[in-house]
Structures are given as structure tokens and as C-alpha cells.
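One structure is given below, encoded as C-alpha cells.
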Number of protein chains: 2
Amino acid sequence: MIMPYAKPPQDRIQRLRAFCLEHKRMPAYSEMLDLFGYRSKNAVHRFMRKLETAGYVRRAAPRKFAPTGRLTGSIRLLGTVQAGFPSPAEEELVDVLSLDEFLVQRPEATYMLTVSGDSMIDAGIHPGDIVLVERGGLTRNGDIVVAQVDGEWTIKYFSKRGRVVRLEPANKAYQPITPRHSLVVGGIVKAVIRKYR
Amino acid sequence: MIMPYAKPPQDRIQRLRAFCLEHKRMPAYSEMLDLFGYRSKNAVHRFMRKLETAGYVRRAAPRKFAPTGRLTGSIRLLGTVQAGFPSPAEEELVDVLSLDEFLVQRPEATYMLTVSGDSMIDAGIHPGDIVLVERGGLTRNGDIVVAQVDGEWTIKYFSKRGRVVRLEPANKAYQPITPRHSLVVGGIVKAVIRKYR
DNA sequence: AACTATAGTGAACGATCGTTCACAATCAAG
DNA sequence: CTTGATTGTGAACGATCGTTCACTATAGTT
């Protein structure tokens, strides 16, 4: 039977993944002895070389391994719902990525805020949602910003015509705001997250 | 001047953070020589012990360090918008966490899907949004599920009365669905993500 | 049965690791 | 100036690392 790209035992990969996620580091070969159930470091070595060619780990330095996104990345990205839901058999083909890398460009400038109030509800931002806010970027028309207007913090659409800045809600029950005295943009909303259960 | 818990130089911490995020591993002391600008491994050693007491790294094994969430966690979690937007001076106090850990409980069973269609728009799930779907959990009334009904994949509220399963949209323009022949639940929607720009 | 590839054991090796010691430079406090 | 704490250099150490070699066991193919 022809078996190109033989798949390494998923059980051992699972254990390695669990270890990396829990300890935030690669186990040493001596630790992998227990982890994989081997009694010889050579067996570990051979197995790791397989994982390397399979793309689960990569060489970080001459004698160091580092996990790839394929191993520790949290999420498999599939297509649209309409496009069909891949079956378990197809899972090996899809891409894997980390939510942090996917959503956050500049970690040191990014914050999470919990939204209260319904002034952006027509934009699909509900009370209790979490917004990812990035500080210091260039604000453009149409961006959703976290801003302090005359002492009060809100989330609004940002709009600038000439020299006039307007903060527009996404809710007909509220009026657009034109800052009277002060406007401080706390950051641009890069993503909205709603978490269930 | 009294300086309890003296803050280690932020510049070196930034470099260590960058290294860990880029290489997905701790640098060796010999690598830290270049990274920190030291010429002695003892200087590195002393600095790392400070980072340990400051909570940026922890001992993973007798001679191994691992980064903590404080070092590599992507996001600082702040309060609600109404509660006020913390000033830069207060940033050290807030909690730091990873989006992956925050949103994903079982990485091996979680998938991302892009939503098309507006059948859940009243639940704040818009076309183009991304849903985090977890397979294999126990489905309860009120959960949002990805399901295949009579061959077609959709996102709907899950509702079960007795033996009758209904899939209810969050859009008055659509009708609830009662599966005629087959129902396959592809997973439970654990989170909704909308990414801007 | 003979051959081959795969997978594992056990021991050994040099390289590199994190740690430690002794000592110098700097700076603030008394 | 002296003292003491902090921060750095440079060299040395044993421990552990990843790697490699020789050999055995098993299973599949010819």
C-alpha cells in the first residue's frame, strides 16, 4: 500500500500540543520520553524529525525546536457556511492560525473594552460586546473610535468634514455629537467580539 | 527615595517580548547577550531573576524559563467605556490575557467560519462576520448552532421542545425551520468576531 | 525464507546550557 | 571619604541537552 506523507500518530501530536499550550515552551527530549511513552531519546529524535517534515515544528536554532502555527495555532479557518462545512476527513487541508495574530497587529497598543450602551447597535455592536481598541493609529472617516467628548467616553463613528469633527452613533435614537470643548480619541476599534456561554 | 518593586527597564522587556512572539520560544542566555546588550551571562541571569520576581517569566523547570501572560499575552483588558478609559499611567495595573485562551476552550475542536446571509442579523451576526464554532459540545436551547438541514448549512438558534427540533432565525423575514429528513449539528457558536480594516 | 523498511532500545559523545564565584565600576547615603 | 547596594565583566563548573552510532524487534513484500 502506498502511503505518501504518512501521518504521524495523532495521539502523540495531541500530547505535544497540550504540553506546548500549557507550558508555553517545548519539552526537552528527556521530558518527551514520558510524554510520548518512549524509552530511548533516539526514538524521540526520529519522531521530532517527522514532525518537522510534517510541518508541526520547525528548527529555531541548531539544536532547538519551536512549534509552528500548525501545532499550537488555536483555530482552523474554514470557508463560508454556504460554501459547505468540510467533513472531518478534509480537516488536514485547512489553514491554522492564532487569534492573537489574526486580530492584533500591535499588541503593545491594543486594549479590550466591554461595551455598555446601545448607541452603536445598528452597526452590530451590542451592550456586553468586547471591542479591540488600537491606540495611536491614523483615524479615517468611517472608523469606529473610542473617544472622550467633553469628559465622557463613548464609541461612535468618526467623521471629519474640513475642520469639523462629528461623532455619529449607529442608532437613530441618538444624535450625532460635535465636540464643543475637547475631543480625545482613545483608539480605533479594530474588532468586535461577542462571547457566548 | 523608596522604590519598592523597582520596574525593570521596559526596553529590554519589549525586546524579550518581541523575541518570544516572533520565535515562539525563550531565547537562550547566549542569545540574550545580544538581545539585551550585555557582555556577561551573569548579567543576563540577574536580569532574568528580576523579571521572574516581577512576574514576566516563570520557572518552567529547574533550568528553564517560560513566559507568563504578562509578557506574551496580547491584550490588556480594561473596564467598560462608561466606567472611564484608563490613562496610560494606570496601564500597569490591568490584566493581560491571550485572545486564544480567552475565546477558545478546546482548540482541537474549534473552527472559524465566515458568515454569509443575514438570517441572524437581529442577533448581531452580520454577513462577513466570523463565528468561532466548537464541535461536540452539548447543545442546549438558545444556543446558536451551525447546522445542516436537509443538505444545506445554516446558522440558527437551536430550540428543542420534546422531540421536535426547531432552528429559528434572528430575522423576521425568515421562517423557523423544522428539519424534515436530516439534521446535523456542526457545532455551537461560541463567539462572533467582526474585524475592521 | 530472504530481504527491506520501519520503529524502538541503550549507550556514548561533544556542545551548550544555566548557574555560580570572584572581582570591578558606579552611584547614593551617611 | 567611607560604606553598602546595585549592576556589570569574565572565567569556570557540572548538568543536561540534542545528536549519533550500533544493534534488536516487528511487519510487509518478493
Side-chain angles (χ1 to χ4, degrees), chain A residues 1-20 22-68 70-72 92, chain B residues 1-17 19-20 22-68 70-72:
Chain A
M1 188 194 200
I2 299 174
M3 282 269 279
Y5 303 111
K7 184 171 62 173
Q10 291 296 327
D11 179 46
R12 292 200 172 103
I13 296 180
Q14 270 305 334
R15 296 197 201 183
L16 184 60
R17 169 177 292 134
F19 189 100
C20 289
E22 181 185 350
H23 296 89
K24 298 277 179 54
R25 66 180 177 91
M26 267 285 161
Y29 277 17
S30 53
E31 294 172 300
M32 294 185 196
L33 289 180
D34 297 332
L35 200 62
F36 294 152
Y38 288 130
R39 308 186 62 183
S40 163
K41 287 207 282 185
N42 188 19
V44 173
H45 186 58
R46 283 220 177 84
F47 184 69
M48 289 301 285
R49 298 216 307 179
K50 285 196 174 177
L51 291 192
E52 187 185 356
T53 61
Y56 287 96
V57 300
R58 60 184 173 80
R59 296 217 98 92
R63 287 160 184 268
K64 285 183 188 300
F65 286 103
T68 63
R70 187 191 205 89
L71 183 69
T72 56
E92 298 175 44
Chain B
M1 189 196 203
I2 300 173
M3 282 267 278
Y5 302 111
K7 184 171 62 175
Q10 290 297 327
D11 178 45
R12 292 201 171 100
I13 296 179
Q14 270 304 334
R15 296 195 201 184
L16 184 60
R17 169 177 290 134
F19 189 101
C20 290
E22 181 185 349
H23 296 89
K24 298 275 178 55
R25 66 180 176 92
M26 267 284 161
Y29 278 17
S30 53
E31 295 172 299
M32 294 185 197
L33 289 180
D34 298 330
L35 200 63
F36 294 151
Y38 288 130
R39 309 187 62 184
S40 163
K41 286 207 284 183
N42 187 19
V44 173
H45 185 58
R46 282 217 177 86
F47 184 68
M48 289 302 285
R49 298 216 306 179
K50 285 197 174 178
L51 290 193
E52 188 185 355
T53 61
Y56 287 96
V57 299
R58 61 185 174 79
R59 294 216 99 90
R63 286 160 184 266
K64 286 184 187 300
F65 286 103
T68 63
R70 187 191 204 89
L71 183 68
T72 56

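Here is the naming used below: chain letters follow the sequence lines, and residue numbers restart at 1 for every chain.
Taking atom NZ on A:K64 and atom C1' on C:dG18, their separation rounds to 11 Å, with Å as the unit. If you measure from atom OH of A:Y29 to atom P of C:dT16, you get 16 Å, rounded to the nearest angstrom. Taking atom CE on B:M32 and atom P on D:dT9, their separation rounds to 15 Å, with Å as the unit. Distance OH (A:Y38) to P (C:dT6): 14 Å, rounded to an integer number of Å. For the pair B:R25 CZ and C:dT16 P, the interatomic distance rounds to 14 Å; values are reported in whole Å. For A:M48 and D:dC17, the CE to P distance is 14 Å, given to the nearest whole Å. Rounded to whole Å, atom P of D:dG8 lies 12 Å from atom CG of B:L33.
Seen from the ring of B:F65, B:R59 counts as a face-on cation partner, given the 6.0 Å and 45° thresholds.
Remark: side-chain polar atoms of A:R58 are not paired, donor with acceptor, to backbone N or O of A:T68 under 3.5 angstrom. In terms of modelled atom types and a separation under 3.5 Å, the side chain of A:R17 and the main chain of A:L71 share a donor-acceptor contact.
Note on B:H45: a side-chain N or O is less than 4.0 Å away from OP1 or OP2 of C:dT19. For D:dT7, one of the phosphate oxygens OP1 or OP2 lies less than 4.0 angstrom from a side-chain nitrogen or oxygen of B:K50.
Aromatic ring orientation, B:H45 versus B:Y29: tilted (interplanar angle from 30° to 60°).
Under the 4.5 Å side-chain criterion, counting only non-hydrogen atoms from C-beta, A:L16 is in contact with A:M26.
With salt bridges taken as basic N to acidic carboxylate O contacts below 4.0 Å, none links A:K64 and B:E31.
Nearest-nucleotide assignment on DNA chain D puts the 5′-proximal partner with A:S30, out of A:S30 and A:R49. Toward the 5' end of DNA chain C, the nearer of the two residues B:P62 and B:R46, judged by each one's closest nucleotide, is B:P62.
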Could you pull out the protein-nucleic contacts involving nucleotides 10-14 of chain C (nitrogen or oxygen on both sides, under 3.5 Å)?
from   : atom 1 : to    : atom 2 : distance (Å)
C:dG10 : N7     : A:S40 : OG     : 2.9

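Interatomic distance, A:F36 CZ to A:I13 CD1, rounded to the nearest 0.5 Å: 8.5 Å.
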